[in-house]
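Heads up, the thing below is written out as structure tokens.
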Amino acid sequence: MGVIHLHRVSLEYPRTKTMALYNINLEVRRGEFVFLVGHSGAGKSSLLGLLLRRYHPSSGAVYVNGVDLRKLRGNRLALYRRKVGVVFQDHRLLADRTVQENLAFVLRVQGVPRREWEARITRILRTVGLVHKKRAFPYQLSVGEAQRVAVARALIGEPEVLLADEPTGNLDLENALGVLQLFKLAHAKGTTVIVATHAPELVRAYPQRVVRLKNGQLVADEHGGRSLR
Ligand code: ADP
């Protein structure tokens, strides 16, 4: 999956007539790391929702590799979704499944042969430092550990794009930096990473491209303090 391109995208939530995004133009290249920042209500989740194809733009279009996301159906839509890993503020693990069962769930959905599951699960748990927790249930994990499992679940399918919506919102600084470290690893492997956050300490810890939204408008796009527009 190459370039993600939002072309003059606006989004209005029809039921409440809320304008969440206005005329957003944004291009994210393959392998980029982007922080999406702005106050609560600025439109960060809405923008991620467009990339997850949870919503369609009210006007404008979202293109991925030149293909309008609105036109993806059936198999091609399933394939697209498979290439996108997602992390939310809360871990959203299945409460009645162990860590390894939560991860196996993804592999089953993706049709990975069962004989590969154990190695894949061990490998990703090693990456997030939680091999010893593979038989634990979510309630037996600390908040930080559960969020690292959530990142493992997002990455186990080897997505080309990782989207995260306030992934450290429930974490103290130490755990937040632990999660950021996992995103850095994914980035180093070539994954495109987009992290919505209002935590300046994350941006400081990994100075990358920063796209700022304010009241639904894109008001700044900077890399290492240098403006891109
Ligand atoms: P952020 O992620 O930056 O906090 P959001 O994208 O969640 O911002 O919200 C942008 C605006 O859209 C806000 O005014 C919010 O109240 C509104 N909004 C978000 N989700 C919905 C929804 N499902 N229905 C109606 N309005 C929404």
Side-chain angles (χ1 to χ4, degrees), residues 1-6 26-36 44-55 62-69 72-94 97 99-114 116-130 146-168 178-197 202 206 208-209 211:
M1 179 142 78
V3 180
I4 295 169
H5 184 193
L6 281 75
L26 176 68
E27 195 170 296
V28 177
R29 289 180 303 278
R30 182 186 206 126
E32 263 194 292
F33 191 115
V34 180
F35 283 114
L36 196 56
K44 304 182 297 296
S45 299
S46 300
L47 198 157
L48 294 180
L50 289 169
L51 297 179
L52 289 167
R53 210 172 168 285
R54 188 167 294 158
Y55 323 111
V62 180
Y63 299 96
V64 174
N65 265 350
V67 177
D68 186 341
L69 278 193
L72 285 187
R73 298 265 146 73
N75 251 351
R76 287 171 73 210
L77 179 58
L79 266 177
Y80 171 73
R81 292 223 156 103
R82 220 177 267 182
K83 290 181 183 172
V84 181
V86 198
V87 180
F88 298 98
Q89 178 164 348
D90 50 334
H91 58 71
R92 301 195 188 184
L93 297 172
L94 302 170
R97 313 278 176 101
V99 165
Q100 62 185 356
E101 286 164 354
N102 268 277
L103 298 172
F105 193 83
V106 177
L107 298 176
R108 173 178 301 131
V109 169
Q110 298 214 346
V112 174
R114 195 175 278 262
E116 293 177 21
W117 291 7
E118 197 181 341
R120 290 271 292 264
I121 289 169
T122 304
R123 184 164 7 119
I124 198 72
L125 283 177
R126 205 170 277 146
T127 304
V128 304
L130 289 172
Q147 193 63 334
R148 270 149 59 208
V149 175
V151 177
R153 182 186 50 186
L155 292 176
I156 197 167
E158 300 177 346
E160 294 176 24
V161 177
L162 179 62
L163 302 178
D165 194 355
E166 295 290 354
T168 64
V179 164
L180 177 66
Q181 186 60 32
L182 302 176
F183 293 159
K184 285 160 86 167
L185 281 175
H187 181 218
K189 283 189 163 174
T191 311
T192 308
V193 184
I194 304 180
V195 181
T197 183
L202 282 197
Y206 195 43
Q208 296 290 320
R209 183 174 177 193
V211 170

Quiz item: Does the pair Val64 and Lys83 meet the rule for a side-chain contact (heavy atoms from CB on, under 4.5 Å), with working shown?
Solution: CA-CA 11 Å; Val64 174; Lys83 290 181 183 172; over 6 Å; no
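- In this view, Ala152 and Leu103, Ile124, Val128 satisfy the side-chain contact (heavy atoms from CB on, under 4.5 Å) rule, not counting sequence neighbours.
- Of the possible donor and acceptor atoms, one in the side chain of Glu32 sits under 3.5 Å from a partner among the backbone N and O of Arg29.
- At a threshold of 4.5 Å between non-hydrogen side-chain atoms, the residues Phe183 and Val151 count as touching.
- Checked against salt bridge (Lys or Arg N to Asp or Glu O under 4.0 Å), Arg92 has the following partners two or more places apart in sequence or in another chain: Asp90.
- For the ring-ring contact (aromatic ring centres under 6.0 Å, His included) test, residues two or more places apart in sequence or in another chain that qualify with Phe35 are Phe33.
- To the nearest 0.5 Å, atom OH of residue Tyr80 and atom CG of residue Asn65 are 10.5 Å apart.
- Glu101 pairs by the side-chain contact (heavy atoms from CB on, under 4.5 Å) definition with Arg97, Thr98, not counting sequence neighbours.
- The two residues Arg120 and Leu107 make their nearest non-hydrogen contact at NH2-CD2, 3.7 Å.
- Between His5 and Leu26 there is no side-chain heavy-atom pair separated by less than 4.5 Å.
- By the side-chain contact (heavy atoms from CB on, under 4.5 Å) test, Lys184 pairs with Leu180, Gln181, Tyr206, sequence neighbours left out.
- Counting only heavy atoms from C-beta outward, the side chains of Gln147 and Gln89 never approach each other to under 4.5 Å.
- Between Pro167 and Ala196, the closest heavy-atom pair is CD-O, 3.5 Å.
- Dense packing is recorded around CZ of Phe88, with more than 12 heavy atoms of other residues, nucleotides or ligands lying under 6.0 Å away.
- Annotation for Pro159 and Ala154: closest pair CG-O, 3.3 Å, computed over non-hydrogen atoms.
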Solution key, residues 44-54 side-chain donor-acceptor pairs under 3.5 Å, sequence neighbours excluded:
unit_1, atom_1, unit_2, atom_2, d
Lys44, NZ, Gly38, O, 2.7
Lys44, NZ, His39, O, 3.1
Ser45, OG, Asp165, OD1, 3.4
Ser45, OG, Asp165, OD2, 2.7
Ser46, OG, Tyr13, OH, 2.7
Arg53, NE, Leu69, O, 2.6
Arg53, NH2, Arg70, O, 3.3
Arg53, NH2, Leu72, O, 2.7

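- For the atom pair Ile156 CD1 and Arg123 CZ, the distance stands at 8.5 Å (nearest 0.5 Å).
- The residues Glu27 and Arg209 are annotated as not salt-bridged, no charged nitrogen and carboxylate oxygen being separated by less than 4.0 angstrom.
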Practice problem: List the steps and the verdict of side-chain contact (heavy atoms from CB on, under 4.5 Å) for Leu185 and Lys189. | Solution: CA-CA 6 Å; Leu185 281 175; Lys189 283 189 163 174; 6.0 Å; no
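- Val195 has its side chain out of reach of Gln208: every pair of non-hydrogen atoms, C-beta onward, lies at least 4.5 Å apart.
- Rounding to the nearest 0.5 Å places CG of Leu77 at 4.0 Å from CZ of Arg81.
- Considering every non-hydrogen atom in both Arg148 and Leu182, the closest pair reads CG-CD1, 3.4 Å.
- The heavy-atom pair separating Ala150 from His91 by the smallest distance is CB-O, 3.7 Å.
- To the nearest 0.5 Å, atom CD1 of residue Ile4 and atom OH of residue Tyr63 are 15.0 Å apart.
- The two residues Ala186 and Leu162 have their closest heavy-atom pair at CB-CD2, 4.4 Å.
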Quiz item: Can you check side-chain contact (heavy atoms from CB on, under 4.5 Å) on Leu155 and Thr127, steps first, answer last?
Solution: CA-CA 10 Å; Leu155 292 176; Thr127 304; 5.8 Å; no
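- Test Ile194, Val28, Val34 against Val211 for side chain to side chain contact (heavy atoms under 4.5 Å, CB included) and you get one pass: Val34.
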